[in-house]
Structure formats: structure tokens, C-alpha cells
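I have placed the structure first, in the form of C-alpha cells, so that the comments after it can refer back to it.
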Amino acid sequence: MRRRSLLIAVPAGLVTLAACGEEDSGSSNAGDSATPGASDTSASPPKIVDGPLPAITAGTKFGEKPTVAKGSGEPSKDLAVKTVVAGGGKAVAENDFVSANYLGQIWESAKVFDNSYDRKTPLIVQLSKEAGLIDGWRYALTGKKTGSRVQFSVPPTLGYGEQGNEQAGIKGSDTLVFVVDVQDAFNAKSSAKGKEVPQDDAALPKVGTNTDGKAPSIEMPKTDAPKKLVAEYVLEGDGAEVGAQETVLVQYKGVVWDGGKEFDSTYGRKQLTSFSLQQVVKGWSQGLTGKKVGSRVLVVIPPELGYGDSPPEGSGIEKDSTLVFSVDILAKM
């Protein structure tokens, strides 16, 4: 059991610190697509070989939708991995979240069962057994650098197992072929990288602008809390704006206005959090809607848009508290 974020709303309007279940792990749910999740996980790292792998016959550049030939002969019973385009970015580690475009098809028939290129939205997923990602993805992408195109074939034991995936037309005996363009990676040391915005209002908290992955400071003013919602850039990114229905990957730190005591933080847990803006308190949803990916945002939430007179038990938040957050919007999911 992992502690659920204080931000996740429940039907009664309360949030519990020790609720059973997990936060959104980062696996994208793009319509009815067969994203690479959910299989039995292997007990130890598999053997990795360099082939055979079918040819990429079109769309050969990083970022282009690839066309992949039908597999020739018998596929490897091991995980076959090839770096087709070597990127120059940071290396991806296990448990990182990766942003990637991908195409998946069946070795024997070359039937494409899923791809993100047509959706024009990369998948953001955590390379984690706990997140339910198939082992083939975890082991093929760990250690690869951002900016790389990686091709790999996944035997059933490292894919969907004997049960296959009926919805995607994958049998339990099918070997799968993936081409993955690794765009970016995020982990507990990730920060927003936007442009500094002046914090000139002396009546508002001042948030640190460090981008070293450490928790930013929040300096509280000696004034009364604002009565209305505040959502201001500290660092303004250049990414896409976040929509009211979207899911975001974030770092955050939350303190109470009166006294500045911290009550929740991803930095302290050393674990990023992802959530839909429909699952959080209204102050978060309203405050982050329209803000750009790559930004750090100061959000000050009055009680009526936060927890009001029903704060989470054991949270350290008093009734009718104004809450202050620093939020780094790392990605949309």
C-alpha cells in the first residue's frame, strides 16, 4: 500500500492519507487502445539479444510514424532490442516516467494493434512493475537515452502472457514488435524549467526558483490570506496549456497559510504524482487549468475551494484553512 496523495478527491469530498489503492501510475488511457500494460512480471531480468528484428521500411526518422515489415522466420524467445537512432539525452532509469511515441504490431502478421502517432499524443508511462507495464517495455527501455528510437520484440512471457489481449487481437502465443521514440523522462529529481516570472506582490507567498529537483522554499507573507483563488506563474514554461479534463504529472509541495507548516510533498516521498484535474480539489483544478506544461505555479486555495470544514483526518490541516502550493507541471498525460 502506498499513501494516496492528499489531493485525490473521494465522493464524500474528503481525502484520506492512508487509502488503499494507487494513484494513477502514468499509464495512458487513450481511448480503447492497447497500451503496453498489464502482464505477469518476471522474477529476474531477462536475457536481451540484438535480433532478429523486422526491417523498418518507411518512417525511419525519429518522430516519424514507422512502417515495419512482417517478421521473417521464428522470432527470438528472448527480448530482442536494437537502438535504431541513438539519442543524446539523459539515460532512462527503471521507475522513471517516460514520454514516448510508439507503434506495436504482431510479428507473424504485421498487424498493427496500436500506435500513438495517429493520436498525435505521446504515451507517458512509468517504467515500473507496480505500474502494471509489461516487462518487455521495462527492460527494453531502461538505460536508453532520450531522443532515441528503440525497436524491440517481446515474447509472450514478457508481454501479455498466455492470456494475450483479446481486445487488441493478441493471442497468447504472439510475439510483439514495438518501435518506440523516447522523447523525455521524468523522475523524483525533475523540476519545471520555465522562465522566471517576477513575484512582485508582497501580499503573496514567494516561491523558490531552483530547478535542481529539490523542494522549492515557500516564504509566507505577514498578511491575511486572500479570499479568492490565486494561481500565478513562478516559472513559465513553453509547453501546451493544460485542459480542465486532462491528467498531469507533477511535483508539488503544500503548506498551510497560517504558520507555513508543510502537510504534503512529492519531494518528501521521492515520488512524482499523476492525476486528473477532475479528481482533485476545486482549487487545484481551477488553478492549473490553462497553465503551461514546464511551469512552476503558485496556487493559493481558499477554504471553499479546498477542504473547507472537513480536512483529511491526520493531515495536520485545520478546518477552514487556506492552503498554499508550489506545483511543477512536468507533463500532460
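Owing to the predicted nature of the structure, the values given are computational and were not obtained by experimental measurement.
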Report yes if some heavy atom in the side chain of [X] is under 4.5 Å from a heavy atom in the side chain of [Y]; otherwise report no.
{"X": "Asn210", "Y": "Ser191", "answer": "no"}
{"X": "Ile134", "Y": "Leu158", "answer": "no"}
{"X": "Tyr160", "Y": "Val154", "answer": "no"}
{"X": "Gln151", "Y": "Pro66", "answer": "no"}
{"X": "Thr175", "Y": "Pro156", "answer": "yes"}
{"X": "Trp137", "Y": "Leu123", "answer": "yes"}

Donor-acceptor pair, [X] side chain versus [Y] backbone, under 3.5 Å?
{"X": "Gln183", "Y": "Gly63", "value": "no"}
{"X": "Lys253", "Y": "Pro216", "value": "yes"}
{"X": "Arg269", "Y": "Asp264", "value": "no"}
{"X": "Arg296", "Y": "Gly208", "value": "yes"}
{"X": "Ser116", "Y": "Pro122", "value": "no"}
{"X": "Ser274", "Y": "Leu249", "value": "no"}
{"X": "Thr266", "Y": "Tyr252", "value": "yes"}
{"X": "Ser148", "Y": "Gly87", "value": "yes"}
{"X": "Ser285", "Y": "Leu277", "value": "yes"}
{"X": "Arg149", "Y": "Lys61", "value": "yes"}

Quiz item: When you check the gap from the basic side-chain N to the acidic O, do Lys129 and Asp135 get nearer than 4.0 Å?
Solution: no

Quiz item: Got a salt bridge between Asp309 and Lys319, using NZ or NE/NH1/NH2 to carboxylate O under 4.0 Å?
Solution: no

Quiz prompt | Criterion side-chain contact (heavy atoms from CB on, under 4.5 Å) on Val179 and Val84, from CA distance to verdict | solution = CA-CA 9 Å; Val179 176; Val84 180; over 6 Å; no

Drop me the distance from [X]'s [atom1] to [Y]'s [atom2], to the nearest 0.5 angstrom.
{"X": "Phe152", "Y": "Leu141", "atom1": "CZ", "atom2": "CG", "value": "4.5 Å"}
{"X": "Glu74", "Y": "Trp107", "atom1": "CD", "atom2": "CH2", "value": "9.0 Å"}
{"X": "Leu272", "Y": "Asn187", "atom1": "CG", "atom2": "CG", "value": "7.0 Å"}
{"X": "Asp328", "Y": "Phe186", "atom1": "CG", "atom2": "CZ", "value": "11.5 Å"}
{"X": "Trp257", "Y": "Thr223", "atom1": "CH2", "atom2": "OG1", "value": "4.5 Å"}
{"X": "Lys65", "Y": "Asp181", "atom1": "NZ", "atom2": "CG", "value": "13.0 Å"}

Self-check item: Which residues share a side chain to side chain donor-acceptor pair (under 3.5 Å) with Gln105, sequence neighbours left out
Solution: none

Quiz item: Got a sec, which residues hit side chain to side chain donor-acceptor pair (under 3.5 Å) with Glu246, two or more places apart in sequence or on another chain?
Solution: Lys332

Distance-minimising heavy-atom pair for [X] and [Y]:
{"X": "Ser295", "Y": "Gly237", "answer": "OG-N, 2.7 Å"}
{"X": "Tyr233", "Y": "Gly290", "answer": "OH-O, 4.0 Å"}
{"X": "Ala202", "Y": "Pro221", "answer": "O-CB, 3.4 Å"}
{"X": "Val293", "Y": "Ala331", "answer": "CG1-CA, 3.8 Å"}
{"X": "Ser76", "Y": "Pro155", "answer": "O-CB, 4.3 Å"}
{"X": "Ala192", "Y": "Gly294", "answer": "CB-O, 3.3 Å"}

Quiz prompt | Test item: side-chain donor near acceptor, Gln278 and Ser276, under 3.5 Å | solution = no

Quiz item: Can you list the residues that meet the salt bridge (charged side-chain N to carboxylate O under 4.0 Å, His left out) rule with Asp174, with sequence neighbours excluded?
Solution: Lys171

Got a sec, which pairs hit salt bridge (charged side-chain N to carboxylate O under 4.0 Å, His left out) with one end in [range], sequence neighbours left out?
{"range": "residues 192-201", "answer": "none"}
{"range": "residues 272-287", "answer": "none"}
{"range": "residues 223-243", "answer": "Glu236-Lys292"}

Other residues, nucleotides and ligands only: do more than 12 of their heavy atoms fall within 6.0 Å of [atom1] on [X]?
{"X": "Gln286", "atom1": "CD", "value": "yes"}
{"X": "Lys189", "atom1": "NZ", "value": "no"}
{"X": "Glu318", "atom1": "CD", "value": "no"}

Practice problem: Please say whether the positively charged group of Lys214, taken as NZ for Lys or CZ for Arg, lies over the ring of Tyr267, i.e. under 6.0 angstrom from the six-membered ring centre and within 45 degrees of the axis. | Solution: no

Quiz prompt | same_hphob_cluster(Val112, Ile170) at 4.5 Å side-chain heavy-atom cutoff | solution = no

Quiz item: Would Leu330 and Phe97 count as a side-chain contact (heavy atoms from CB on, under 4.5 Å) if you check the C-alpha gap in whole Å, the side-chain angles of each, and the deciding distance to 0.1 Å?
Solution: CA-CA 10 Å; Leu330 302 177; Phe97 286 81; over 6 Å; no

Practice problem: Give me the ring orientation class for Phe178 and Phe113: parallel if the planes are under 30° apart, tilted from 30 to 60°, perpendicular past 60°. | Solution: perpendicular

Quiz prompt | Verdict with reasoning, Leu176 to Ile106, per side-chain contact (heavy atoms from CB on, under 4.5 Å) | solution = CA-CA 5 Å; Leu176 310 178; Ile106 297 171; 4.3 Å; yes

Exercise. Using the side-chain contact (heavy atoms from CB on, under 4.5 Å) rule, take Gln199 and Thr209 through it: C-alpha gap first, then chi angles, then the decisive distance, then the call.
Key: CA-CA 11 Å; Gln199 300 180 68; Thr209 57; 4.1 Å; yes

